[in-house]
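Down below is the structure, laid out as C-alpha cells.
Lettering of chains follows the sequences in order, A, B, ..., and the numbering in each one begins at 1.
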Amino acid sequence: MKQVFIIILLIIIGYFLANTFVEIPFGGNRIGNVESNETVAGYYLSNTAKKTGVANVITAIVVNYRGLDTLGEVTVLFLATTGLASILYRRKEEEEDTERLNLPSSRIMRSGVRVLFPAIVLLGIYVFIHGHLTPGGGFQGGTIVATGFLLMLISYKGFNTDHNRMVWIESLAGLSFVGIGIWGLLSGNTFLENTTNIGVVNSLISGGLIPIIYIVVGFKVAVELTGILDILLKIKPKK
Amino acid sequence: MVISPIHYIFVPLVAAFAIPLLSKLNKELPRIIPGIVLFYNIIISFVLMQEVNEVGYISEVIAGWRAPIGINLIITPFSGFLVSLISVLGFLIWLYGFRFKKVIDDGELRSYNILQMMMITGAIGIIITGDIFNLFVFLEIVAITAVSLTSFYRGRDGAEAGFKYLLIGGFASAMILLAILILYTQVGTLNMAEIAERMHTVPTGIKSTILILFIVGFGIEAELFPLNGWAPDAYSQAPGPTSTAFAGIVVKAGVYGLIRIIFTLFDIEGAYDFLIIAGLITMIIAEAAALKQTNLKRMLAYSSIGQMGLALIAFGIGTKEAVFAAMFLLLNHAIIKSLLFMTGSILMYNSKEKTISSLHGIAKRLPFISILFAIGAFAIVGLPPFSGFWSKLYILSAAADKEMIFLIVTILAVSVIEIIYYFRVVSKLYFAEGTTNVEVYKPKINAKISMLILGIAIFVIGFYPDLVTGYLHNAADILLDKASYIQYVLNTDSTIQ
Amino acid sequence: MIFIILLIVMAVLLLAAAIYSIVNRDLLFAVMGTGIVSVILSLFFYLLQAPDVALTEAAMGIALTTIIFIITIRNTTRDENEIIDKEEEMKMKTDKES
Amino acid sequence: MQEQFNEIFIKYHEIITIGVYGTAIALMLIGLYAILMKKNLVKIVIGLTILDAGIHLLFVGIGYIQNGTAPIFSPGYENSADRMVDPVPQALVLTAIIIGFAVTAVALSLVIRLYKHHNTAKIDQIKHLKW
C-alpha cells in the first residue's frame, strides 16, 4: 500500500517538475530573459580576463567574485571533519587499539601503490597549482591528493599520516585563507580583494592572489579528506 | 580596520581554525576562545546598530565587486536587531555552558567548542548575507554543526535524532538547490536585491513552483508542521547549551530566511495567507503534542515550535502592526525560551529518563533555578507583568484590526493549552513532595549569572516595553518596503571604508 | 550525430545504473552502482562543456564517495535484509551448543 | 563542421532536451523513491546521493549553450567569449558537490554508530524516538 502511495507522490512531483522544465530552453542563448551582457554570466565572461587576469573563468568566480562561498565551503569541510571526529570519537579508556584494520593487501597492490602514490600526489599538486589556467583547482587537486593517501593507507598498515603535522597544515592553510581576506581589509579595500597586480592572462604567475588562495584551498582539502578517511578506516568492525 | 558585517564571519573562522593548534598549548583554551569571539560579536552588534539607526542599511561588498556581480552582506534594521539578539544570547549560552559538560576529555572538548561557535556563526551568516547561494552555504554550515552536536552524547538516541535531522536537512537543501536553479534560469542573477527587482518578469507558473520549493526547504529549518519531525528529538538529545542555541538562535535564522524569501523576493498575494495557514496548523499540532509530553525538553521543544507558528501567523497577517508584533514575539521568545531551556536542563541534569515526574519537589533544593523557571513559564504564557504579555497582546490587536476573529479565538485557545502544561510542571516543581535522595546538580556561578541576566531582561522588557518597540516599529516599516532595499543595494556601491 | 547518440546512450546507462544501485539487495554492488552513476555523470559533464565539474565529480563521486560507502558497509551489514546475518548467528549459536 | 552541428542540434532538439532534463528529473525521482521506500540506512544515503546527482546534472544542463565551448580562455580561445557556456551554474555545482560529500560523510558516520548501538541497519527497527 505504502509503495502505491509513494509512486503516486513521485508521479505528481515528476509532472510538476517536467512542466516547469518544458518552459526552460536547453541550449538556447544565455540565461535570463534579458540580453546576455546584463546578466551576471555575461559580465563574468567579458571581464574576467581583463579584470582578474585569470584564464579559467570558473576559478575566478569560485575564488574571487564569490569568494565568501568558497570560504563557507572550506568551513563546511572543516566542520564535517570535526563533526565526524566527535561522532565516531572513542574516549581513551574505550580505545582498545587504534591501528587500522589489517587488510591483507596483495603484493601487486603494494608494489603498484608504491609506484602510483608519488605520481598521484604530483598530479594533484599540478592540478591545484594550475587552477587558474587549466580546468581543475583547489578542490579537485586536493581530492586527487587525498585519493593518493587513501591508496597508501589501505595497502600499507605501517603507513600512518603524522596526525600532528596534518593538524598544523590544516590550521595554517585555513588561517592563511582567512588571512588573505583580512589582508584585503587591512590594505583598505574589501575582504578577500585581489590587491596584487594581475599579470598577463595565460602566464603561470597571473591572476594575483587567486592562484595562491586556490593552492591554500588545495592543501586544506587534501588534509581534511585524508583526515576523514583516516578516522573512518580506524573503526574496528564488531564481528 | 573599521568594524563591518564581515567581522561576524571571519573572526569566528580564525578562532575555529586556530583552536586545534592552540589546544596543544593549553588544555583550557578551547573553552575560553569561543567566549572571546562571542563577546566580540556583541561589540560589533553594538557598533553596527548605531550605524543602522542613522543610515537605515549597511551593505558591505566582498572581494571588491559591486552587489550583483559579487556577494554583498546587508544589515537592515530587522536583521541587525536579530543578529544583535543572537550575539547576546550566544554569549550568555557560552557563559552558561562554560563548565556544564559531564566528564569530557580534550578531543571532545575541542570539537564541541568549535561546533557550537560555528553554529552561531552560521546562523548569523544566514541573516546577514545578501546572496541566495551564500544563504544555502551558511544553511549547510548550520545543518552539519547541528547534526554533529545533536549526536554529541554517547547515548543511543543521539545518533538516531542526528540521522533523522540530517536526512530531512539533506532533502531540504536539495529542494533549496532546485529552487535556486530554476530561479537562476528565469532571472539570471543570484543577488537577492536583483532577484526581487526582476521577479516581475518570471511567469506565475514557475514563480509558484520556486516559492513552494523554497517554503519546503526553509520550512524544515523554521520547523513548519509537516517538516519538523526532527525538531523534538534533536532538542531533547542535544546537550543543554546546544538545545538552548537551537531554540534561541537556529530557529530564528530559519524563520528569518523564510520571511525574507516571502517578503523581499516574492510578491505573490497567496504567500501571506499560506503563512497564516501553515502557522496555524503548526501551532495547534505542536501545542497539542506538547500537552502529552513527559520529557521536559521535548515539551519545551514543542512549545517553541508552537511559538514559531504564532510568529509565522503574525508575519502572515502582513500589516505593519502585525510584522512589528511578530518581531517583538521573536525577541521575547528568544529570551524566555533560552531561560527555560537553561533552567530546564539543570533541573533535569541527573534524572535518567528526563521525565517531568522526576521534578517532584526539586524547588526546595534548587530554589534559585526553580524561581527562574517559573518566571520563564509565566512569561511565555503571556501573564501581564512579563514581556510575553505584550507580544501576544500586539499580535491579537493586529489580528483584530484585520477582523480575523477565527485567529483570535485559536490563539487564545492555544494560550490556554500553554497555561495548562506549563503550570502542571511548575506545580510539580513546588507542591509535589519529591524523593529526597535524588542528588541535584548545583550550577556554578557563571551559569547562575547568565540565567539571572535573562530573568532580569524579561522583567525589564515587561515593565518598559517601549524601550524596544520604537526601534521595532521602524524596523517593521523598512522590512515591508521592498523598493528602498533594492534601490539601496543595487545603485549605491557604498562599502564601508 | 555522435553527440546525440552519445547523449542517449549515456542517459540510458545512467538511469540503468541508478535503478540497479537502488534495487540490488547486495549493498556492495549497490555502491558500485553509485560509482558507475558518478562515472557516467562525469562524462555527461564533459559532454556539456563543464571540465571543472567533470573533474570534481570524477575525483569526489567515483573515488571518495564509493570508498566511504564501502567502509560503512564493512562496519555494518552487507546484505540489505540482514537474512544472511541471522543465518550466521544461528550457525554460531548451534556451533557453541554442539 | 559548425553548421552541420547546428543543423543536427536543431533537428533533434526535443530529443536532446529530454535526454538531459529528462534524465536529471528521472535521477531525482529514483533518489527520492529510495529515500522514501527503502529500509536499510545505507540504501537511504545512496538515495540521497542520487538525488543530489540529479540536481547537479540539472545545474550544468541549464548552463549549456548550443555548440558552446568551455568557459576557459586557453591560448587559442581568447576572443570566443560569446560562444562560451554559462560559467555561473558550474561554479555553484562545484560547491554543491563538495557539500553533498560532506553531508554523506557525516550521514554514514551516524549509520556506523547506529549500527554499533542497535546491531541493525534497518530504520524501522531503530524507531525509539516517537512523534
Side-chain angles (χ1 to χ4, degrees), chain A residues 2-3 6-7 9-11 13-14 17-18 21-22 24-31 36 39-41 44-46 48-49 54-62 65-66 69-70 72-73 76-77 79-81 83-84 87-88 133-135 137 139-140 143 201-202 221 225 228 231-232 235 238, chain D residues 9-10 13-14 16-22 24-26 28-30 32-33 36-37 58 61-68 70-75 77-79 81-82 84-92 94-99 101-106 108-110 112-113 115-116 119:
Chain A
K2 185 174 173 231
Q3 184 150 16
I6 286 175
I7 289 180
L9 185 73
L10 288 184
I11 291 169
I13 296 175
L17 287 176
F21 275 94
V22 162
I24 296 167
F26 173 75
N29 53 23
R30 200 152 297 129
I31 300 292
S36 67
T39 60
V40 173
Y44 289 146
L45 285 174
S46 44
T48 313
V54 165
N56 184 346
V57 177
I58 296 165
T59 308
I61 297 175
V62 162
Y65 289 115
R66 301 183 64 83
D69 272 357
T70 316
E73 186 48 51
V76 164
L77 260 181
L79 293 174
T81 319
L84 215 77
I87 290 170
L88 298 174
L133 299 174
T134 59
F139 295 116
Q140 297 87 341
T143 327
V201 173
N202 259 314
V221 168
L225 293 178
I228 287 182
I231 295 167
L232 282 171
I235 315 159
K238 278 170 74 170
Chain D
F9 192 88
I10 294 152
H13 192 258
E14 290 69 27
I16 297 170
T17 323
I18 295 162
V20 177
Y21 288 164
I25 292 176
M28 280 197 272
L29 294 181
I30 294 169
L32 219 54
Y33 176 81
L36 296 174
M37 261 310 283
L58 257 179
I62 59 168
Y64 184 70
I65 293 176
Q66 177 186 330
N67 186 19
I72 295 165
F73 295 103
S74 36
Y77 289 81
E78 271 83 7
N79 38 35
D82 52 3
M84 279 189 178
V85 172
D86 182 343
V88 174
Q90 293 181 18
L92 302 184
L94 212 73
T95 319
I97 290 177
I98 299 203
I99 288 184
F101 172 77
V103 169
T104 321
V106 175
L108 289 177
S109 65
L110 283 172
I112 294 173
R113 219 178 96 181
Y115 187 79
K116 264 203 176 117
N119 205 357

Rounded to the nearest 0.5 Å, how far apart are [atom1] of [X] and [atom2] of [Y]?
X        : Y       : atom1 : atom2 : value
A:Leu225 : D:Ile98 : CG    : CD1   : 7.5 Å
D:Phe101 : A:Leu77 : CZ    : CG    : 7.5 Å
A:Ile58  : A:Tyr44 : CD1   : OH    : 12.5 Å
D:Leu29  : A:Ile6  : CG    : CD1   : 13.0 Å

If you count heavy-atom pairs under 4.5 Å between each of A:Val76, A:Leu10, A:Val62, A:Leu79 and chain D, which one has the most?
A:Leu10
Using a cut-off of under 4.5 Å for heavy-atom pairs, which of A:Ser46, A:Ala80, A:Ala55 has the most such pairs with chain D?
A:Ala55
Can a donor-acceptor pair be found, under 3.5 Å and without considering hydrogens, that links the side chain of A:Gln140 to the backbone of A:Gly137?
yes
Counting only N and O atoms by type, is there a donor-acceptor contact under 3.5 Å from the side chain of A:Asn56 to the main-chain atoms of A:Thr134?
yes
Given that the side chain runs from C-beta out, which part of [X] has a heavy atom under 4.5 Å from chain D: side chain, backbone, both or neither?
X        : answer
A:Leu133 : backbone
A:Ile11  : neither
A:Ile231 : neither

What part of [X] lies closer than 4.5 angstrom to a heavy atom of chain A: side chain, backbone, both or neither?
X        : value
D:Ile112 : side chain
D:Leu94  : side chain
D:Ile25  : side chain
D:Leu108 : neither

Compare every heavy atom of D:Ile65 with every heavy atom of D:Asp86, then report the nearest pair and how far apart it is.
N-CD1, 4.3 Å
Looking at every non-hydrogen atom in both residues, tell me the closest pair between A:Ile61 and D:Ala91 and how far apart they are.
CG2-CB, 3.6 Å
Assert top hit (heavy-atom pairs under 4.5 Å, partner chain A, pool D:Pro71, D:Ala24, D:Ala70) equals D:Pro71
One option among D:Thr95, D:Leu58, D:Val106 has the most heavy-atom pairs under 4.5 Å with chain A, and it is D:Thr95
